[in-house]
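For the single chain, residues carry numbers from 1 onward in sequence order.
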Amino acid sequence: MTADNSLCHAKIDKPGKYDILVLDAAYKQSLASVRSLGRAGLRVAAADCSAECDLSLPVPAFRSRYCAGHVVLPSYADDANAFADAVVDF
C-alpha cells in the first residue's frame, strides 16, 4: 500500500468475508450490480478510486443496504502497484 494511507479509506464489516468486490462504485451500473448480487445472497463489497471519487459526495453503491463493506483505493493511474496492493489487502 502507499506510504500515505489517507488515500485508502475502508468500512469493513468482516474483513476477508466477501464473495465479490465491485469496482467503480460511483457509477449507477455498479449500484445495480451491488443490489443484484446482494439480493442473490452474496456478501458484496464496493470500491472506488480516490482519483475518480469525490469524497465530499456520497458514493451510491457505498450507501446500498446490500453493500457489506467499502473501500476508497489509491489511484491506479498514479500507482498501479499501490492500487493492486490495496485491493489485495482489503
For [X] and [Y], indicate whether the former's side chain and the latter's backbone hold a donor-acceptor pair under 3.5 Å.
{"X": "Ser36", "Y": "Ala32", "result": "no"}
{"X": "Arg43", "Y": "Lys17", "result": "yes"}
{"X": "Ser64", "Y": "Arg35", "result": "no"}
{"X": "Asp48", "Y": "Ala26", "result": "yes"}

Worksheet item: Parallel, tilted or perpendicular: which fits the ring planes of Phe83 and Tyr76, with parallel below 30° and perpendicular above 60°?
Response: perpendicular
Compare every heavy atom of [Y] with every heavy atom of [X], then report the nearest pair and how far apart it is.
{"X": "Pro74", "Y": "Ala82", "answer": "CG-O, 4.0 Å"}
{"X": "Gly69", "Y": "Cys67", "answer": "O-SG, 3.0 Å"}
{"X": "Ser30", "Y": "Ala25", "answer": "CB-CA, 3.8 Å"}

Worksheet entry | Any residue meeting side-chain contact (heavy atoms from CB on, under 4.5 Å) with Ala47, in chain and number order, not counting sequence neighbours | Leu21, Leu23, Val71, Leu73
Discussion item. Once rounded to the nearest 0.5 Å, what's the spacing between atom OG of Ser33 and atom OH of Tyr27?
Written reply: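 Nearest 0.5 Å value for the OG-OH distance: 13.5 Å.
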Worksheet item: Can you tell me how far the CZ atom of Arg63 sits from the NE2 atom of His70, to the nearest 0.5 Å?
Response: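 Rounded to the nearest 0.5 Å, the CZ-NE2 separation comes out at 9.5 Å.
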Worksheet item: In the hydrophobic clustering that connects Ile, Leu, Val, Met, Phe, Trp and Tyr at side-chain heavy-atom distances below 4.5 Å, which members other than Val34 occupy its cluster, ordered by chain and number?
Response: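 Besides Val34, the hydrophobic cluster comprises Ile20, Val22, Leu37, Leu42, Val44, Tyr66, listed by chain and residue number.
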